K.L.:
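Can you read through this structure? Questions will come right after.
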Amino acid sequence: MASYTSLAVFLLTLFTFTASKEANLILLDDPGEAVCLDGSPPGFYYREGSGSDATKIIIHLEGGGVCVDEEDCLGRSKTDLGSSKNWKQMADFGGFLSDIKLFNEKFYDWNIVFVKYCDGGLYSGYVSQPVDVNGTSIYFRGNTILKAIMQYLRDNGIKEASDVILTGCSAGGIATYIHADYVRSVLPSSVNYRAMSDAGYFIEVLNVNGEPIAKERGQKVYKLHNMSISLDEDCAKDYTGNDTYKCTAPQYLYPYIKTPIFSFNSQYDTWQIENNLQLDCDPPHCTPEQMEKLQEFFKEFQAAETNIINSTTNGAFLDSCFAHCQSLDSHGWNRVKDEDPVQSRETVKFDFGWRFQLGGNNIAPCPESVFPKNLSGVECMGLRSGSSKNADDCRGECCADVMCAIWQYTDSQGCWIGQSNDCNHTSSSWVGGGRDTPAKPVPPPDSGPTTRDFDDSDWEIVDAPHDSLIGGEYAQNGTVRGQAYLPKNITWYRKHFNLPAEWKGRIIWVYFEGVFRSSTTYLNGLMLHHEDSGYTSFVVRLDNCSGILFGDGKDNENVLTILSTPNEGFSGWWYEGGGLYRHTYLVSADVVHIIPDGTYVAAAVHGTIKAHDPNDISKGKYVDIAVIGVSSEVINDDTKEQKRTYQYTLFDADGKQVGNSMLPPSDFSAGELKVLTDSYTAKNVELWSPARPYLYTLQCELLNNADDAVITDSGVTDTYNITFGIRSTQWDPDKGFFINDGHFTWRGFNNHNDFTGVGVAVPDRINLFRAQSMRAVGANAWRMSHNPPIPVMLDIMDNVGILVWDENREFGDNPVWVANQRNMVRRDRNHPSVMAWSFCNEAGCNAGDSVPVAKEFAEVSKEADPNRPVTANMISDFGGALSSQIDVQGFSHKPGNIFDTFHKQFPKVPTIGSECCSCTTQRGEDFPDNTKFLLGNFNANCNKDQTESQLDRSYVVGCMVWTLFDYYGEPAFGWPHISSSFGSIDLAGFAKASAYWYRSWWLYNGVHNHSTGGIDVPLNPPKLINPDAQPAEDNPQDGYLVHIVEHWDKNDAAPKRTIHVYTNAPSAELFVNGKSQGVKTLVWQGWAEWDGVAYEDGNLTANAMDDKNAIVARHTRLTTGDPAKIVAMLDVPNDDTGTGSALVLDGQDSGMVSAVLLDSNGRVAHGSSLNITFSITSGPGRIIGVGNGNPQCHEPNHATWRSAYHGLARAIVQVTQDHTTANRDRMIQIDSDGGQRTLVGDPRDPKRFLDDIVVQVSAEGVGTATVSIPTSTDPNDGVISTARKSRQ
């Protein structure tokens, strides 16, 4: 048995969000007078501590503003800040309250008491009788709430505590100042007690108009809630009359507090700036006058903090961040707690604010001298078709591609370019030339855009990821069919930015995840790098550029220019887009650092693999021992010798430290690269699998121990976190594939990289939707065809549990292509979802079908990752030179007898159907008609026949269907189609009938019949997107589905018709207006079919019956009418689709909205094609693309309107603000244009930044409708966290 054991990694960011242990809600059973504003009982969340800190407690007072009058308090009483009626039973916390050691090293295992805020008066008021407000009783009992909770804690063990910290944020921070001494008074004297106020030091400041807003608010709240009961006695003696309220204001109260208290506050507190100063701008995007007011506020804050600064007993951390409540944010808390005087690695999002312009179709004139080899009079075999119409342009087309070795042209056959080893065929009609490759990049025809001072002020501002071509106009002539009939142009991007002065002397690079197709990078006019492949991630170093500038201001501004050339040939025959279509990062690192993609983690599983619960596969498996091998490539880019110590720490999925190792110090000479290796034996190891995708985190650190000093945490000079999984895999030539000793049949899909409206610049959450759609149809594997994916795609697969076939793009005797294979493996080798490395696809495999070429590709792959098999998706020459060098034989579109023949000839080689089943289908088209370029809705016969050629053979690992999603390019008919029709889900994400065939047989029938307990059947599968779906047709509880393929609308050309029904039930019965059309019995992977069904207006119903003839699912089609109403539906984010419940305000997160036209019966108006307009009526959103799934639609992709296709249309909506990225302060400092398109601001102001995005849809004659997209600044709502939570 061939065996490959491996594990995985995802992450380029500094932190990993892992699941935390939730706290339980405790409501006071008999609170007496201690009630919330609405009279409901108060309470708190409690999370138990552990280990040596089990006797230590943090009491946190929740914040949330105040209510200043009776009407305000009445409104508040109907929310969670005034009532406990809707409080969740569980909650988890970040930052200072997190139980994840990685984020909260000092306090992660303390007991947490999180007191819920529900009185609106700083836990400080007391009015004995309820106040009637418009017939509703309102209670002002904040002081009694705090006392009741403290009494509860005393009665339940707080007296045994060794340490107690009182803390609070915002209003809770003010309350911490007010009640610090009271809490001390009710604790035993033996308790080590102190307090910390976060964002609670509020000052009295006039607003921008000179009005005392803050003072007036304080007086109103004091009087309304009757806070006199909570005053410090000494303070109340000094402040009397109208000034008594000052004893609830920290600015005045502070000197009277006896408890040791730590003040954690920003001197640019965003809540105070907005609500007290009332500054109507987001610094630094303010007018000079507004900035002057801001600086006045800063000076007043400094004056008011004198008491804090002069205290000899208290502590403080007063920063200058635009922030509020920093201790509750895991990123912020880590940043604040870090005592590291040495700068560690900084990774800054570099996606915002690129200036963009399309160029022409050709990159430069190309002299004949560039091609010194005369290839006129001969014909070279194996070239690809170019687009040029004459010899000179053909030479220029090849010239622009550094990997193009040969150009040839003849009037009769046009332009042909590429590489060939066969130019021995005499033919006088050909002219051409050749050169060695890779060639030196040809300079652009106009060098102006590469220079620093070029005037690009009128260029468009865009954010990456950005597809430079998808916004073009479709045209039949002059464009390429496979490329979606969209024009191909060169693309310019220019980014203006400043580098922090403190980065001087550090190593600085830009990490590009991908620029299509080839790209050249310039800094301030100096060429730095050329990248041939649009799918390879690459690094461009900046600090060693002679013209680099450091410091703030226009004079120190750098300009990074990217020239991308998607018009340089077509490496694929599908739409590949162009430009800066993936994410980009700016990185600053120490001179001694771990190089990008230079860390490899490999695990060997030892002992018996055991199930936690043999009857519940979701509990996963574990093994007693795993040996984890770690290697990191570390380089000293300094000009002098350096010494560093390498250590790594292992954390489990809950963030608990489970291992640590430190290597002896290493000396690095100038410029030296070393590979530091170690192994660690871990016990009771949880295993990754699709059933339970369990992930660990490895924190790799370099420590500074110059002069052999004692190493401490403060000496960390580089940090790189890796999240990975541990599993065993076996590829058996006779039995198929095994993971963690369980047999696993691959049922997967191939997919390209694009989506409606956005092209290849697919937002991360829509990639999550695409992955979840795989699970919705019962698929468990994804072939990345035909290129390495965007890295986040693998992060998603790791977390949702989908196996991956990772594939290189170009294969052959070319050192650049060999390097691309190596780079793919190095980048992706630590992802547990990745199962195999593929060299090539179909005809592309023929270019390297020789033993030396295939051997070289295998060697570089095995060198970077010896634990996974290498393979190829081959269409011919099985058993030939390439087959001899791969571990697993892939077959593309081959019948079963080809598998059998190969298996007989090569019985020791595992086999897989790596591509099959190009079964076309078109959503909603019941009557296929080639003259109208219409494909049919039904294709189960094709699906069944082609998948079974692999699935019916036990020795075959499984099959990968072409494709789940339609994609731009490769149209079935050519023009007028501009997209493919192979998918079971259309280009806009709407499910076709075919998706239900797969869902019924691969998902539900798999649950019923799989002999190994269903480990290869997705657990907790999401739903498909189908606005016309009915609850009764899909029965997940019993594992049955029924779906009528055709619609039931009048067609004079089809008075009788064939009706198909997809179901996995043993039988199905069809009815027309209640009259049975008979019962049909199903076979494996079959369908039910009724011929000659006479049409009549009304309804068509299919019942699915189990083996006892009980109805287990029902689907009804109604005759639909004209559209009478429009509705808007939120598909992403949506828990039903496995994509979460909110968009994160990170400036990039995106959702999907459906516009649905309904008839008078509330059913989708199947025949409607009305134009639909999308608009954002409020909230931080923009429309970045539209679509409808119609392969014949030529309407613009970047628009705010789209015609409906069978009653449906789609908009992609993106957030326009970033209040979540951890180091936004750096982004603001660095990006000159970063705020022009996307606002980079403060995430901690819920009033200003947590508005929903309201999307309106409208169409003539049917009115309007809206849908709201919730937004969030909680990282737990992010894409990767959402992916992980969907499997918990």
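Owing to the predicted nature of the structure, the values given are computational and were not obtained by experimental measurement.
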K.L.:
Dump the intermediate steps for side-chain contact (heavy atoms from CB on, under 4.5 Å) on V601 and L698, then the final yes or no.
P.N.:
CA-CA 9 Å; V601 188; L698 190 75; 3.9 Å; yes

K.L.:
Does one side chain, of N753 or Y575, offer a donor that lies under 3.5 Å from an acceptor on the other?
P.N.:
no

K.L.:
Does a side chain donor of either S519 or E531 reach within less than 3.5 Å of an acceptor in the other side chain?
P.N.:
no

K.L.:
Measuring from L695:CG to D795:CG, what's the distance to the nearest 0.5 Å?
P.N.:
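The CG atom of D795 is 9.5 Å from CG of L695, to the nearest 0.5 Å.
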
K.L.:
Look at the rings of H786 and W574 and say which category their plane angle falls in: under 30° parallel, 30 to 60° tilted, over 60° perpendicular.
P.N.:
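It falls in the perpendicular class, over 60°.
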
K.L.:
Of D734, D732, D900, which is the lone residue that meets side-chain hydrogen bond (donor to acceptor under 3.5 Å, both in side chains) with Y955?
P.N.:
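Only one option passes, and that is D900.
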
K.L.:
Do F839 and V870 touch side chain to side chain, with heavy atoms closer than 4.5 Å?
P.N.:
yes

K.L.:
With a 4.5 Å cut-off on side-chain heavy atoms, are V760 and Y968 touching?
P.N.:
no

K.L.:
Quick check against the 3.5 Å criterion: does S833 have a side-chain atom that pairs as donor or acceptor with the backbone of V804?
P.N.:
no

K.L.:
Measuring centre to centre across the rings, with the benzene-like ring taken for any Trp, is F891 within less than 6.0 Å of F899?
P.N.:
yes

K.L.:
Does Q730 reach the side chain of H743, with side-chain heavy atoms less than 4.5 Å apart?
P.N.:
no

K.L.:
Could you state the interatomic distance from OG1 (T871) to CD (Q885), rounded to the nearest 0.5 Å?
P.N.:
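That separation rounds to 13.0 Å.
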
K.L.:
Assess the pair W731 and F737: is the distance between their ring centroids shorter than 6.0 Å?
P.N.:
yes

K.L.:
Can you tell if the side chain of F811 reaches within under 4.5 Å of the side chain of N841, non-hydrogen atoms only?
P.N.:
no

K.L.:
Is there a donor-acceptor pair under 3.5 Å between the side chain of H752 and the backbone N or O of S785?
P.N.:
yes

K.L.:
Could you walk me through whether H893 and S918 satisfy the side-chain hydrogen bond (donor to acceptor under 3.5 Å, both in side chains) test, starting with their C-alpha distance in whole Å, then the side-chain angles of each, then the deciding distance to 0.1 Å, before giving a yes or no?
P.N.:
CA-CA 8 Å; H893 295 281; S918 295; 3.3 Å; yes

K.L.:
Side chain of R770, backbone of M793: donor and acceptor closer than 3.5 Å?
P.N.:
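Absent.
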
K.L.:
Between Q821 and W817 (side chain of the first, backbone of the second, donor and acceptor by atom type, cut-off under 3.5 Å), is there such a pair?
P.N.:
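No, the answer is negative, given that no donor and acceptor are paired below the 3.5 Å cut-off.
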
K.L.:
Passes side-chain hydrogen bond (donor to acceptor under 3.5 Å, both in side chains), T911 versus Q889? Steps please.
P.N.:
CA-CA 5 Å; T911 57; Q889 179 64 61; over 6 Å; no

K.L.:
What is the distance from atom CG of N799 to atom OH of Y694, rounded to the nearest 0.5 Å?
P.N.:
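Interatomic distance, N799 CG to Y694 OH, rounded to 0.5 Å: 13.0 Å.
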
K.L.:
Just by modelled atom types, is the E379 backbone N or O under 3.5 Å from a matching donor or acceptor in the W416 side chain?
P.N.:
no

K.L.:
For the side chain of R829 and the backbone of D597, is there at least one donor-acceptor N/O pair under 3.5 Å apart?
P.N.:
yes

K.L.:
Quick one, E686 with R692, criterion salt bridge (charged side-chain N to carboxylate O under 4.0 Å, His left out). Give me CA distance, side-chain angles, the key distance, then yes/no.
P.N.:
CA-CA 9 Å; E686 300 292 336; R692 186 182 182 232; 2.5 Å; yes

K.L.:
Can you check side-chain hydrogen bond (donor to acceptor under 3.5 Å, both in side chains) on N823 and Y535, steps first, answer last?
P.N.:
CA-CA 10 Å; N823 291 339; Y535 297 113; over 6 Å; no

K.L.:
Decide whether S631 and T677 meet the rule of one side-chain donor and one side-chain acceptor closer than 3.5 Å.
P.N.:
no

K.L.:
Should we say atom CG of D422 is surrounded by more than 12 heavy atoms from elsewhere, each under 6.0 Å from it?
P.N.:
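Result for CG/D422: enclosed.
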
K.L.:
Compare all side-chain heavy atoms of Q419 with those of I406 and state whether any distance is below 4.5 angstrom.
P.N.:
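No - every pair of side-chain heavy atoms lies 4.5 Å or more apart.
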
K.L.:
SG to SG below 2.5 angstrom is the rule I want applied to C916 and C959. Does it hold?
P.N.:
no

K.L.:
Apply side chain to side chain contact (heavy atoms under 4.5 Å, CB included) to S980 and list each qualifying residue two or more places apart in sequence or on a separate chain.
P.N.:
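For S980, the residues satisfying side chain to side chain contact (heavy atoms under 4.5 Å, CB included) (neighbours in sequence not counted) are D966, Y967, F982.
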
K.L.:
To the nearest 0.5 Å, what is the distance between CD (E513) and NE2 (H583)?
P.N.:
5.5 Å

K.L.:
Considering all heavy atoms of both residues, which atom of D887 and which atom of P910 are nearest to each other, and what is their separation?
P.N.:
O-CD, 3.3 Å

K.L.:
Once you find the SG atom in C942 and the one in C917, is the distance between them below 2.5 Å?
P.N.:
no

K.L.:
Quick one: does any side-chain atom of N750 pair with a main-chain N or O of V961 as donor and acceptor, under 3.5 Å?
P.N.:
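At least one qualifying donor-acceptor pair exists.
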
K.L.:
Find out whether I985 and S994 are in side-chain contact, i.e. whether some heavy atom of one side chain is under 4.5 Å from a heavy atom of the other.
P.N.:
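A side-chain contact is absent here, since even the closest heavy-atom pair is not under 4.5 Å.
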
K.L.:
Looking at side-chain heavy atoms only, is the closest gap between M835 and R868 below 4.5 Å?
P.N.:
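Answer no - side chains too far apart.
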
K.L.:
Does the gap between the ring centers of W1001 and W1084 come in under 6.0 Å?
P.N.:
yes

K.L.:
Can you check side-chain contact (heavy atoms from CB on, under 4.5 Å) on V623 and H606, steps first, answer last?
P.N.:
CA-CA 7 Å; V623 68; H606 295 276; 5.8 Å; no

K.L.:
Checking side-chain polar atoms at under 3.5 Å, does N939 have a donor or acceptor matched by the opposite partner on N943?
P.N.:
yes

K.L.:
Under the salt bridge (charged side-chain N to carboxylate O under 4.0 Å, His left out) rule, what do E576 and R517 come out as? Steps first, then yes or no, please.
P.N.:
CA-CA 8 Å; E576 296 180 283; R517 175 181 177 263; 6.0 Å; no

K.L.:
Check the pair N873, E807 against side-chain contact (heavy atoms from CB on, under 4.5 Å), reporting the backbone distance first and the verdict last.
P.N.:
CA-CA 9 Å; N873 182 52; E807 189 160 282; 4.0 Å; yes

K.L.:
Can you tell me how far the OG atom of S861 sits from the CZ atom of R826, to the nearest 0.5 Å?
P.N.:
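With rounding to 0.5 Å, OG (S861) is 12.5 Å from CZ (R826).
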
K.L.:
Pick one: which of V800, N780, L803, I802 meets side chain to side chain contact (heavy atoms under 4.5 Å, CB included) with P690?
P.N.:
L803

K.L.:
So F749 and V777, do their side chains get closer than 4.5 Å, heavy atoms only?
P.N.:
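With C-beta onward as the side chain, the pair touches.
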
K.L.:
Just by modelled atom types, is the L964 backbone N or O under 3.5 Å from a matching donor or acceptor in the N751 side chain?
P.N.:
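Yes, because the side chain of N751 sits within donor-acceptor range (under 3.5 Å) of the backbone of L964.
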
K.L.:
Check side chain to side chain contact (heavy atoms under 4.5 Å, CB included) between F906 and all other residues, then give those that pass, not counting sequence neighbours.
P.N.:
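Scan of F906 (side chain to side chain contact (heavy atoms under 4.5 Å, CB included), adjacent residues dropped) gives F902, V909.
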
K.L.:
Using modelled atom types and a 3.5 Å cut-off, is there a donor and acceptor pairing between side-chain atoms of N740 and backbone atoms of S728?
P.N.:
yes

K.L.:
Under the 3.5 angstrom rule, does the side chain of D1016 hit a backbone N or O of T745 as a donor-acceptor pair?
P.N.:
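Checking the backbone N and O of T745 against the side chain of D1016, a donor-acceptor pair under 3.5 Å is found.
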
K.L.:
Can you tell me how far the OG1 atom of T963 sits from the CH2 atom of W782, to the nearest 0.5 Å?
P.N.:
10.0 Å

